[in-house]
Structure formats: C-alpha cells, structure tokens
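Data block below; observations after.
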Amino acid sequence: MRGAGFAYSFLGMRKLVYILFVSMLLLSGCFGKGGIDNQLNAVDGLLGNYPDSAMSVLVGMDTASMSDFQKDRRVLLYAYLSMIYGNPVNLDEENVRSGDSVFNGTFTGDEVKWLVIKSDDAKHRGDFVARIEYLKDAEFLAIQLDTKFDLAIIYQYLANVYSQGFNGTVSKYYADKSVALFRELGCPKQLRESRMSVAGALAAKRDYKSMLDSLEVMKDEVMANAPDHYRRYFLDQLARGYDEDGETAKAIGIFHELYDGEDVSANTLAHWARAYWRVGELDSAYLFIQRANSLAHNATDEYLCRNVEYGILEKMGRRSELAMVDSLREQASERIMEERKLEESSLALNVKYDAAARKAWLEAAESRTRTYVAIFVAMLLAIVAAGVYLYLRKRNQLLVLAHENDVLRIRTLQNNLFESDSRQKDVASKISELFNTRFKLIDALAASYFECRDTGQEQKRIYSDVKNSISDFSSDSSTQELEDIANAYNDNLMSRFREDFPSLSKAQYRLALYIFCGFSLPSISIFTGSDLRNIYVYKSRLKGVINKSDCARKEDYLAYFR
C-alpha cells in the first residue's frame, strides 16, 4: 500500500509538472506562429496522459493569429481528442476540409488521426467494411511513422471491430498489442479501455471464464480510479460475465443495484431477462424482454432480444409463438450479415496489406509527390513565360506609342516653325509697308511744298495734306493694321489686353493701342480729335482700371503708362 501511495503521489507530481507546462504553453501562444506550432505539438503529446490539459490548450488558443494550416490542425486535434475520449465526431464540412488538408505529401502523424476519425464516422454510419479499411490504412501509416499512441488506439479499435460477433481470436490479438503499447506509454485510462477490449475479445471467443477472470483482476483498479459512468459500465460487463459463468444470482444483484428505477438500454434488459430465465423466474424474464422489445435498438440487439425471447417462450410452453419469434430472429441475423461482411473484408484486407502492397503504396505516394512537384514546376514556368511574354508585349506597345509621340512632336514642331515663319514674313511685310508709307508721306509733303513754295497757297496746301494724312492714319482700317502689327511685334499684346479687360469701350482700346505703340499724348489728341486735357484724363482713368485689376500681366501694361 505504501508503494502504491508513493506511485500515486509521483503521478500527482507529474500531473502538476504538466499543468505548469501547459500554462507556459498558453502564455507562449502570444509569440507568433512558432509558439502556436509548439502548442499544437504539446497537445499531441498530452493526448494520452492528460486529455483535460490538452483540451484546455486547444480551447485557450488564439485562432486570430493562426495560419490556415494551423487552424485546420487545431480542428483535427480537437475532433481526435473528442473521439478517443467518448464523444462521437460529426464530420461536417469544416472537419472534412481540415482533415483533408493534412494530406499534403509530408506525413507528420496527423494523417493517422484523420483516418481514425473517418473510421469512427464509418462506424456510426453502419459501414463496417469502410471502418476496418480506414483502420488498416491508419495502422500501416502509423507503423511507418512510428506513432505509438495512435497505433495503440488503432489496435484497440480493431479489437473492438473483430469482437463484435466475428472473430474473438483476431480481436484478442489486437487487444493484447494495444495493452502492451499503452502500458509502455503509461496511459492509465486508455490501458483500462484496452483491457476491457481484451475482455470483449474473450467474450467473442465464448471463453467466459477467462473473461470473468480478466474483469475481476481489473475490478479494484477500476473502482478506485475510474469515473462514475465508467464504473457503471464495468459493473454491467462484470454482471454479464457472472451470468455467463453460472453465477447468475450475483449478476441479478448487480443489475438491480445499478439500474433499479432508471432507464436501461434494450441490450442490458435482454441480458437481465436472460439471467432471470436461467434462474427460472420466467414471469420477470418475460416482463424484461418485453420492455427490451419496446425500445429502439439495432440489428444486433434485435437478434439478442429475439434469442432470449425464444428461450423464455419455449420454457414457458408457449410454442405457438415460437415460429414468429424465430422468423424475427432470422431477419435480424440476415441484417447483421448484410451490415458487417467482416469476414470477407478481412480476407481481402489481409491480401491488400501484405509487404508488397505496402511497398507499392509508398512508391505510389512518392510518385504522386513527384507528379505534384512536376506539375507545380510546369505551372510556375508557364506563369513565368506568360509574364515575360506579357511584359515584352507591353514594353513593345509602349515603345511604339513613344515613337508615335515623338513623331507627333516633330510634326508639331515643324508646323509651329512653319506658322512662325509665316507670321514673321507677314510682320516683316507689314513693317516694310509701314516703313515705305512713312517715306511716301515725307515725299508727298516735300512735293507739295516744292510746288507751292513762295506762293500764297504754301501754308494752306501743306496743312491740307498733313490733315488728310492724319485722317487716313486715324481710320478704322489703319487702326486695325496698327493693332495687327502691335500683336505680331509684341507677342499679341493687344489681344491679351482685350482678354484681360473685356468690358472696356472701343475708345479705351484705341487709346491703349496708341499708348502701347509709343505715341505722345498731343499726337493721340490729334488722332482722336479730342482736347489734350481730355486725353490726360482718359489716360489716367485707363491706368486706374488696370491698376485695380488682379490680372497676371498688370505690371507689363502699367509699364507703358509711366
């Protein structure tokens, strides 16, 4: 006892160390994706001995900072942990996507867990052939990867598959291997489950004496350490072992202790009824089997109930009902054989998973990996080639556009030079005409002076000629010519002035033109036929209008008024 106490205290210390380790892992989750990977790896290591701590780590993880692969792995570990500790997994779209994503060509052990989860789903769907195929796939992969805990789980599940009325010898073989691995790994709960699988295998072999001995060896440990629901399950199996071994009174006592006044499954009621039948209490036996028949049950339970009912009715002498019960029993037996087909699938699997097939499987996996790599490289090269082609094509288009733009600029420059040359020729022509006009005017005045010199008509004739010349210069056509010359000679001075001051009068534009051309105010007075004092006033007003404006060329205009 002292040794056992020391062992339990040592286990308690180990649990405390693991709890501290889990706390450190939860804190380390804040340090990026490396911390998250460490947490997920730690969960994998805690599955066997400390499932509660593993679940705490999974629930406490921050999914916001995870990559898609880390999220998928977390979902997979959560489903696996729930499954091996008694909660069937519902394979919804998220679980299927997360599970399938782990098959990425680099085997890490998560693939084994996913195959075990799919086997459990096949069990709940009633597809026993698919279940055993998934488990055999998982067994092979777990052996290659040397994942002992997963392999022990697989052996335990295979033992349960073969113990369900098919092959007790094969079931015992797998159960013993599972017990050995869990004992080596130090997983007490799973070890207990595997030892129960051994008992189930012995029951399938109909070696009830050995089954009862195995259960009695386990009894003290189960009653001391197992949770309440598991103790009830264990005592239920123990009662069935007592009944099969001839200690039916003990079995009935245990059934009453466990289930008086509580809801009981059809399977348990059938075993309870058989116990009463064996001790000769037929009325109680018939009452229990009728209750069992009224409950929902599967084909295996139906077959059990009809077997017990047949024996009870036969012993009660109610032979007229035996044919109907026997017919129902045969129907249940046929359904069982249709559902399981385990013998045929087992023989096929023994051929499928021999050494040559396993080697071929590995070669196929490597070939798939090489194919995926080749496809990826080919796609990458195709993308690079397409990118280079598109780049060169776009570059060529840009070069063509640049060349066209250069050609357009050259043509524009040529047109501008041609237009500038035309304007220069036009201005030169006008300036030449103005220059010739000046000399013609002097020549005409000199001729008139020569003709009337020393005569009474001298002054009158000269005055008339000057007046006519000035009148011609002040005409609208001459004014327009003067404006054209001013624009051509001085960068469109009058045109810009009209744009900046669009609301001036015709007289103000003419005054500005004369000022811009450099005429004196007396000359402007003669050209416009206005008094000189008025010209001063008009000039001052026009200067004030320009000075008050906010146009950009204001200072250029004012320079002519100084």
Side-chain angles (χ1 to χ4, degrees), residues 423-562:
R423 286 196 300 270
Q424 288 178 355
K425 290 180 179 179
D426 186 49
V427 171
S429 176
K430 290 182 178 180
I431 291 174
S432 176
E433 183 180 352
L434 181 62
F435 183 79
N436 293 330
T437 301
R438 175 185 178 188
F439 285 99
K440 288 178 182 178
L441 177 60
I442 294 174
D443 183 65
L445 290 176
S448 296
Y449 177 73
F450 178 78
E451 291 176 3
C452 63
R453 185 178 55 179
D454 299 328
T455 67
Q457 298 294 323
E458 179 181 357
Q459 293 182 355
K460 185 176 181 180
R461 175 76 176 272
I462 293 173
Y463 174 79
S464 175
D465 290 343
V466 172
K467 183 176 181 181
N468 290 332
S469 298
I470 291 173
S471 177
D472 291 339
F473 185 77
S474 302
S475 64
D476 291 339
S477 61
S478 297
T479 302
Q480 184 61 48
E481 290 179 2
L482 184 62
E483 183 172 341
D484 291 341
I485 293 172
N487 282 330
Y489 180 72
N490 202 357
D491 193 19
N492 292 320
L493 177 63
M494 276 305 297
S495 298
R496 291 190 282 107
F497 182 75
R498 288 179 181 274
E499 292 175 1
D500 292 336
F501 300 96
S503 59
L504 296 180
S505 66
K506 183 178 180 181
Q508 288 177 310
Y509 285 131
R510 177 171 287 191
L511 175 61
L513 174 62
Y514 290 148
I515 292 173
F516 291 156
C517 290
F519 290 107
S520 64
L521 295 185
S523 298
I524 296 173
S525 173
I526 293 174
F527 296 156
T528 58
S530 298
D531 190 70
L532 180 60
R533 288 176 297 179
N534 293 336
I535 296 301
Y536 277 105
V537 173
Y538 297 154
K539 178 184 177 183
S540 178
R541 288 177 181 174
L542 183 57
K543 182 179 179 182
V545 171
I546 296 173
N547 197 32
K548 291 178 182 178
S549 70
D550 54 357
C551 68
R553 293 179 284 265
K554 179 173 69 173
E555 295 299 328
D556 294 339
Y557 300 140
L558 291 176
Y560 291 94
F561 286 81
R562 296 189 180 97

Donor-acceptor pair, S530 side chain versus I535 backbone, under 3.5 Å?
-> no
Is S549 close to Y557 at the side-chain level, that is, under 4.5 Å between some pair of heavy atoms?
-> no
Here the gap from K554 atom NZ to N547 atom CG, rounded to the nearest 0.5 Å, amounts to 5.5 Å
If you round to the nearest 0.5 Å, how far is CZ of R510 from CE of M494?
-> 10.5 Å
Can you tell if the side chain of I524 reaches within under 4.5 Å of the side chain of I515, non-hydrogen atoms only?
-> yes
CG of L511 to CZ of F519, rounded to nearest 0.5 Å, is 12.5 Å
Are the side chain of S540 and the backbone of V537 linked by a donor-acceptor contact shorter than 3.5 Å?
-> no
Answer whether the closest heavy-atom distance between the side chains of L532 and P522 falls below 4.5 Å.
-> yes
Contacts of R498 meeting salt bridge (Lys or Arg N to Asp or Glu O under 4.0 Å) (sequence neighbours excluded), chain-then-number -> E483
From the list N492, L504, L513, side-chain contact (heavy atoms from CB on, under 4.5 Å) partner of F497 resolves to L504
Considering residues, nucleotides and ligands other than R541, do more than 12 of their heavy atoms fall under 6.0 Å from its CZ?
-> no
Beyond-backbone contact of F561 with L542, side-chain heavy atoms, under 4.5 angstrom = yes
Which heavy atom of F501 sits nearest a heavy atom of C551, and at what distance?
-> CZ-SG, 4.0 Å
With the side chain counted from C-beta on, respond yes when L493 and Y560 share a heavy-atom pair under 4.5 Å apart, and no when they do not.
-> yes
